[in-house]
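Here's the structure, in structure tokens; my notes come after.
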2 protein chains.
Amino acid sequence: MAVDRSAQKAGAVTIQDVARRAGVSTATVSRAIALPDRVTEATREAVFSAIRETGYTPNAAARSLRAKSTRMVLVLLPGIGNSFFTPVLNALEEVFSEAGYGVLIGYARNSPRRETHYARVIRAGQVDGVLVVTGNIPRDEAFVQIPGSVPISLMFSEVPGTDEFSVFDVDNRAAAAAMVRHLIGQGHRRIAHIAGADASLEARERSAGYCDALREAGLPVDPALLWRGATNYDFGSGERAAPRFFALADKPTAVFAAADEMAFGFMRALKNQGLDIPGDVSVAGFDDTEYAVHYDPALTTMRQPRTELGTLAARDLLRRMTGKDGDVAISHVRLKCDLVVRESVRRI
Amino acid sequence: MAVDRSAQKAGAVTIQDVARRAGVSTATVSRAIALPDRVTEATREAVFSAIRETGYTPNAAARSLRAKSTRMVLVLLPGIGNSFFTPVLNALEEVFSEAGYGVLIGYARNSPRRETHYARVIRAGQVDGVLVVTGNIPRDEAFVQIPGSVPISLMFSEVPGTDEFSVFDVDNRAAAAAMVRHLIGQGHRRIAHIAGADASLEARERSAGYCDALREAGLPVDPALLWRGATNYDFGSGERAAPRFFALADKPTAVFAAADEMAFGFMRALKNQGLDIPGDVSVAGFDDTEYAVHYDPALTTMRQPRTELGTLAARDLLRRMTGKDGDVAISHVRLKCDLVVRESVRRI
DNA sequence: CCAAAACTTGTAATCGATTACATCTACTGT
DNA sequence: ACAGTAGATGTAATCGATTACAAGTTTTGG
């Protein structure tokens, strides 16, 4: 087997081949590549034409081993198949690949086995930095043993009581409150809330914001209107809220879902029963995913600056990974959400 | 700088540390891990407790260098922010991480610069296998120089005239024809087609299938009803087809879009003009993305078995990467699409 | 009871690059 | 013209693991 494998990649050109062909030592080849002005014009050309002729590409493993840097980052996602993360991944990949870094993705899926798996990836030195996107930072103790040198950043959710991570998120509580204030401003007095999964901090923050706005307006916080039980920010969780709506004698005039997809699921269930939105009920979401504007009715929602957060988070991680000593301070960037008014909420 | 970097990761435990602590040589530690029954019970325990106490994890770069295998695969995506790929990525990650392989993602974005970048990643031996998801295999010549040993597979689109790649796709032409046959079966005679981007083979196949079904039914293929000009399978391309619809004196009764998202964009534009779907026009899509069932009206579409294809493609690549000599044959798996009838098409 | 076989462990080469240090050459200024 | 210095290049150590081979130990069988 060992023989097979080495035979397999036998075709690979090494720095030795280039050195031989250019008539110089491997050290010179390495220098010609990394520090071009430290070699003569003549050798440089000899080296580069040897590189061209052989099609040489430096071996990543060898380079990593010596340089103690893999130029890779791990992006840990919750792994729910929802489209919220697509622009985030796009932004991350854009910045990282531009900087010559590879993006390794991992889906935590809330499974301890997988968390341990990715903890091992980090401990094996396979990545120079980690971005935990949403959700709980893995509680696996393995994560604690991560060499302090690998910078970790959190996106869309923070971990209270630590200052080891850079955090990139929005003020979920304030944003949720702003949305509910908007609904109140449109004349709604009885407003229900489809809460996100209890386990996630940002979902609890949004619920808190919902309560804040109600209290602030002197409206009662009716437990019958606070619908918990979501498992994820998905269609299903929205659909499951519909029975609670229909069971109510005194129905809300507006419903604020903690995520667009939950709003879609909820609306779908209502429309299946012949209700009109926003005619019969107003519905608002959170996130402003790509579908919000294309849905019928177009969804009133809170826009999270996903691309921008992705870009900033990537740049920050890059800085912390490559930064000279002093420049590794962690940051906490909290961007503002924008209310996007569309058709799913009507004035009453 | 060099000093800083090595100081940074100074915390890392090496096999030397474990060996010293267990009172054995590094060779024994390595064997205790890889071939546990080749060492004494006693040494095995000594080694494992040393590993536990030190929190040792073998360094990935060192292992890769020696073993000539990185246990990583590159998944190249077109990079359009649409949700089609989410379940695919999920399936891939599931299989690969289960097998101990990491998933590196790359967005080609149809840019030569990026293709060259990822070609270099492959040539640098950074991955053991490559999965090109949709779209054009990068035409960068760099891709040609890839050591023959790195297996490459294609998903959702093939490259005619090569037999170097395993291919996992659907019969787009047959599936499109089946959809159009369905529309004809529902009484439609004037059927338009929103074609996908000309550059992509599967889009052309779907267009061909559309023509097949019309001809087969003895219906004319009216160029005025074949709407080209899409850039991607996105909302925008669907929206841009709407003016063509409105410009027509003799309007189609049904429209077949080559992708769900284009169907959504098109429907949105029509509804904005006060048209009802399927009352005024029937619309059908292709893909059966998550939103198809939640849209209003729920979209009649062709289901592509994305998760299944992902799983199969991952397993095949795994086989080709680890396979003993003989077992590296390429495969071509072509799954069948299913017609999913919902509400966006009505019988006339 | 001793030679041969089987087993365990250690020594050292190896993977492919980077880089500290040594060496050699060429140029500068007095 | 020659000491001194700057610049170019080569030699060899190094990163951390794996593994062929050697050496040492135990078991087996006649």
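Excluded from the calculations below are hydrogen atoms, water molecules and symmetry mates; all remaining heavy atoms, backbone and side chain alike, are included. Lettering of chains follows the sequences in order, A, B, ..., and the numbering in each one begins at 1. As the structure is a prediction and not an experimental result, all values here were calculated from the model.
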Contact class for V24(B) vs. all strands (heavy atom < 4.0 Å): base, sugar-phosphate, or nothing? sugar-phosphate
Taking any heavy-atom pair under 4.0 Å as a contact, classify T14(A): base, sugar-phosphate, or nothing. sugar-phosphate
What is the distance from [atom1] of [X] to [atom2] of [N], rounded to the nearest Å?
X: R71(B); N: dT18(D); atom1: CZ; atom2: C1'; answer: 14 Å
X: L35(A); N: dA17(C); atom1: CG; atom2: P; answer: 16 Å
X: D37(A); N: dA6(D); atom1: CG; atom2: P; answer: 17 Å
X: R123(A); N: dG16(D); atom1: CZ; atom2: C1'; answer: 16 Å
X: R38(A); N: dC21(C); atom1: CZ; atom2: P; answer: 14 Å
X: I33(B); N: dT19(D); atom1: CD1; atom2: C1'; answer: 14 Å
X: R31(A); N: dG7(D); atom1: CZ; atom2: P; answer: 14 Å
X: L65(B); N: dA13(C); atom1: CG; atom2: P; answer: 17 Å

Shortest non-hydrogen contact from A329(B) to R320(B)?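 Smallest interatomic distance, heavy atoms only, reads O-CD, 3.6 Å.
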Return no unless some side-chain N or O of [X] is found under 4.0 Å from OP1 or OP2 of [N].
X: T28(B); N: dT9(C); answer: no
X: S30(A); N: dT18(C); answer: yes
X: K68(B); N: dG16(C); answer: yes
X: S64(B); N: dA17(D); answer: no
X: T43(B); N: dT9(C); answer: yes
X: Y56(A); N: dG16(C); answer: no

To the nearest 0.5 Å, how far apart are CD in E93(A) and CZ in R109(B)? 5.0 Å
If you assign each of V39(A) and T26(A) to its closest nucleotide in DNA chain D, which residue comes earlier from the 5' end? V39(A)
Where the side chain of R63(B) is concerned, which of dA12(C), dA17(D), dT9(C) is the nearest nucleotide? dA17(D)
Among the candidates dG16(C), dA17(D), dT9(D), find the nucleotide nearest to the side-chain atoms of N59(A). dG16(C)
So, T43(A) and R31(A): side-chain donor and acceptor under 3.5 Å apart, yes or no?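 Looking only at side-chain atoms, R31(A) and T43(A) do not form any donor-acceptor pair under 3.5 Å.
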Does the side chain of T54(A) pick up a donor-acceptor pair with the side chain of R21(A) at under 3.5 Å? no
Taking the inter-plane angle between the rings of F96(A) and Y101(A) on a 0 to 90° scale, is it parallel (under 30°), tilted (30 to 60°) or perpendicular (over 60°)? tilted
Side-chain-base donor-acceptor pair under 3.5 Å for R66(B) and dG16(C):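 A donor-acceptor contact between them is absent.
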